[in-house]
> 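Provided herewith is a single structure, encoded as structure tokens, for subsequent inquiry.
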Amino acid sequence: MADKANPGTLTDNSERLFSFGVIADIQYADLEDGYNFQGSRRRYYRHSLVHLQGAIEDWNKESSMPCCVLQLGDIIDGYNAQYKTSEKSLEVVMNTFKMLKVPVHHTWGNHEFYNFNRDYLTRSKLNTRFLEDRIVDHPETIPSENYYAYHFVPFPKFRFILLDAYDLSVLGVDQSSPKYQQCMKILREHNPNTELNSPQGLSEPQFVQFNGGFSQEQLNWLNEVLAFSDTNQEKVVIVSHLPIYPEASDSVCLAWNYRDALGVIWSHKCVVCFFAGHTHDGGYCEDHFGVHHVNLEGVIETAPVSQAFGTVHVYPDKMVLKGRGRVPDRIMNYKKEKALNF
């Protein structure tokens, strides 16, 4: 576990290269406060928008302006679908993001699929694939249209990869499609419960309907991008709505086939950090390969008196998360052989 850290205590010979913002699980809805699925945690549906506005104001006035913001999924709450306010609520949140002076990269979570199908999301402003970077002469690093994933370079020698954790999922997919049948088969093989959102009695509790996974096609693509980054001596940050490392997350919140994703990542040297949302309580662990797994605390369960977002300052030898409110500060050192010389 990394200790809380104050970026102000960093030595002067550490030159800050760039910064980026992170925020997760806003889950806005124009509703009175409610509770989570289990009825144990308060959710501040309206106030989540105020938290977002506060985060944007903060990012806009930072002395070192973030180059971009990573929005880690679940931007509006699933309740919007029930009240037929999905499009209106999305418009409210997207209009709020317009105040931000830098680009936002949007990840898709389960609440996106409670409100919209995949075709709608692909056509929507939540599709930020137009911000992707293309590697000339390496067509294998271009993602397929079958999943929502891409990579981009915010600073030389740093590549960010946004993954589609619901590439395998029964959410947002036409129930008559082969993809739905395939994913339902996977889910039912691992979850015999009548209520597919219940992990009760499961040896692998991540196999619930509100989670999803990564197709082999997407994992093969990830492997190609990481191979390029290894060769090019880049550092890689991966972004996903679902976490993939058990020690950093509640086991019920992991991606279905998190082991497959870890297998790909651990077969390369370039990955330094994996950011996810979904858990709401947050979580952190550095794995035995030196990859820092950061699960950001969710805005939706953040009381009005607090906050939940962060700015990550990137240095040649480390990343420093400066958290606000519920999000703790962290110093995330690269493994020694991963330090960059500038």
Side-chain angles (χ1 to χ4, degrees), residues 23-29 31 36-37 43 45 48 70-94 104-129 143-150 162-188 190-191 195-199 206-215 217-218 239-244 252-258 261 276-280 298-300:
I23 193 164
D25 299 273
I26 299 164
Q27 286 182 223
Y28 168 73
L31 292 173
N36 63 347
F37 188 64
R43 293 190 165 176
Y45 296 110
S48 64
L70 308 177
Q71 188 276 111
L72 302 174
D74 284 4
I75 197 168
I76 64 172
D77 195 85
Y79 270 129
N80 286 291
Q82 192 177 315
Y83 293 104
K84 300 196 168 28
T85 53
S86 300
E87 293 190 1
K88 184 181 177 187
S89 289
L90 180 59
E91 188 180 0
V92 167
V93 179
M94 297 308 272
V104 189
H105 294 267
H106 292 293
T107 313
W108 297 350
N110 47 311
H111 283 262
E112 273 72 26
F113 293 109
Y114 296 155
N115 285 287
F116 309 109
N117 64 29
R118 186 168 280 272
D119 289 342
Y120 183 97
L121 289 171
T122 302
R123 296 190 307 270
S124 78
K125 289 177 181 172
L126 287 177
N127 182 348
T128 44
R129 199 165 146 179
S144 154
E145 295 294 334
N146 296 333
Y147 48 84
Y148 172 62
Y150 62 91
L162 188 144
L163 294 181
D164 184 350
Y166 289 84
D167 180 12
L168 296 179
S169 172
V170 295
L171 303 177
V173 191
D174 182 349
Q175 295 190 7
S176 64
S177 67
K179 181 86 173 261
Y180 178 88
Q181 305 299 332
Q182 174 206 358
C183 294
M184 183 54 81
K185 183 170 181 282
I186 293 169
L187 186 54
R188 289 211 178 276
H190 294 87
N191 186 340
E195 170 51 76
L196 287 173
N197 275 324
S198 170
Q206 77 270 21
F207 281 99
V208 284
Q209 191 167 275
F210 57 76
N211 292 337
F214 311 100
S215 68
E217 184 187 23
Q218 185 180 183
V239 182
S240 159
H241 181 63
L242 297 181
I244 61 166
V252 180
C253 290
L254 294 163
W256 287 352
N257 57 338
Y258 69 86
H278 197 53
T279 54
H280 294 194
V299 171
I300 183 64

> Give the intermediate values and the outcome of ring-ring contact (aromatic ring centres under 6.0 Å, His included) for residues H105 and Y150.
CA-CA 10 Å; H105 294 267; Y150 62 91; 5.8 Å; yes
> If we count only N and O atoms by modelled type, under 3.5 Å, do the side chains of E217 and S144 hold a donor and an acceptor together?
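Side-chain D/A pair, E217 to S144: present.
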> Any salt bridge linking D167 with K179? Criterion: basic side-chain nitrogen under 4.0 Å from a carboxylate oxygen.
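Yes, this pair counts.
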> Could you point out which residue of I186, L196, N197 forms a side chain to side chain contact (heavy atoms under 4.5 Å, CB included) with N191?
L196
> Locate the shortest heavy-atom distance separating S177 from V173; write the atom from each residue and the value.
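Smallest interatomic distance, heavy atoms only, reads OG-CG1, 3.4 Å.
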> Would you call M94 and I75 a side-chain contact if the rule is heavy atoms closer than 4.5 Å?
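Yes. Closest side-chain heavy atoms under 4.5 Å.
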> Once you round to the nearest 0.5 Å, how far does CD of Q71 lie from NE2 of H106?
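Answer rounded to 0.5 Å: 6.0 Å.
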> What's the spacing between C253 SG and H280 NE2 if we round to 0.5 Å?
7.5 Å
> Working to the nearest 0.5 Å, report the span between CD of Q209 and OG of S198.
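Here the rounded value is 11.5 Å.
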> Is the W108 ring parallel, tilted or perpendicular to the F113 ring (thresholds 30°, 60°)?
perpendicular
> Checking the side chain of H111 only, and the main-chain atoms of D77 only, is there a donor and an acceptor separated by less than 3.5 Å?
no
> Do I76 and I26 have side-chain heavy atoms sitting under 4.5 Å apart?
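Side chain of I76 against side chain of I26, heavy atoms only: no contact under 4.5 Å found.
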> Given the rule in the side chain to side chain contact (heavy atoms under 4.5 Å, CB included) test, do L254 and L242 qualify, once you have shown the distances and angles that lead to the verdict?
CA-CA 6 Å; L254 294 163; L242 297 181; over 6 Å; no
> If you measure only the distance, is there a donor-acceptor pair under 3.5 Å linking the side chains of N80 and S86?
no
> Please check if any side-chain donor atom of Q218 sits under 3.5 Å from a side-chain acceptor atom of D164, or the reverse.
no
> Looking at residues at least two apart in the chain, or sitting in another chain, which of them share a salt bridge (charged side-chain N to carboxylate O under 4.0 Å, His left out) with K84?
none
> Relative to each other, are the rings of Y79 and Y83 parallel, tilted or perpendicular (30° and 60° limits)?
tilted
> Report the distance from atom CD of E112 to atom CG of N110, rounding to the nearest 0.5 Å.
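That separation rounds to 8.0 Å.
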> How many angstroms lie between atom OG1 of T107 and atom CG of L163, to the nearest 0.5 angstrom?
9.0 Å
> Quick one: does L162's side chain get under 4.5 Å of Y148's, heavy atoms only?
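The answer is yes; the side chains approach within 4.5 Å.
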> Minimum heavy-atom separation for P243 and G277, please, with both atom names.
CD-O, 3.8 Å
> With rounding to the nearest 0.5 Å, note down the distance linking CD in Q82 to OH in Y114.
13.0 Å
> Does any non-hydrogen side-chain atom of N117 lie less than 4.5 Å from one of D174?
no
> Would the distance check show the side chain of W256 and the main-chain N or O of V208 forming a donor-acceptor pair, the cut-off being under 3.5 Å?
yes
> Should the pair R129-E145 be classified as a salt bridge under the 4.0 Å nitrogen-to-oxygen rule?
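Looking at R129 and E145, the cut-off is met.
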> Answer with yes or no whether the side chains of D74 and H241 bring together a donor and an acceptor at under 3.5 Å.
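Side chains of H241 and D74: pair found under 3.5 Å.
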> Does F210 reach the side chain of H278, with side-chain heavy atoms less than 4.5 Å apart?
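F210 reaches H278 side chain to side chain.
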> With no hydrogens and no angle check, is any side-chain donor or acceptor of Q181 less than 3.5 Å from a backbone partner on Q175?
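Between the backbone of Q175 and the side chain of Q181 there is a qualifying donor-acceptor contact (under 3.5 Å).
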> Does N115 reach the side chain of L121, with side-chain heavy atoms less than 4.5 Å apart?
no
> Between the side chains of S240 and Y258, does any donor sit under 3.5 Å from an acceptor?
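Looking only at side-chain atoms, Y258 and S240 do not form any donor-acceptor pair under 3.5 Å.
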> Side chains of N211 and Q206 only: does a donor on one sit below 3.5 Å from an acceptor on the other?
no
> If I compare all heavy atoms of S89 with all of A29, which pair ends up nearest, and what's the gap?
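Residues S89 and A29, closest heavy atoms: OG-CA, 4.4 Å.
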> Check whether any side-chain heavy atom of V299 lies under 4.5 Å from a side-chain heavy atom of I23, and answer yes or no.
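When only atoms from C-beta onward are counted, I23 and V299 do touch, with a gap below 4.5 Å.
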> Taking the ring centre of each residue, are Y45 and Y28 less than 6.0 Å apart?
no
> For R188, which residues count as a salt bridge (charged side-chain N to carboxylate O under 4.0 Å, His left out) partner, sequence neighbours excluded?
none
> Side chains of P143 and Y147, heavy atoms from C-beta outward: is any pair under 4.5 Å?
yes
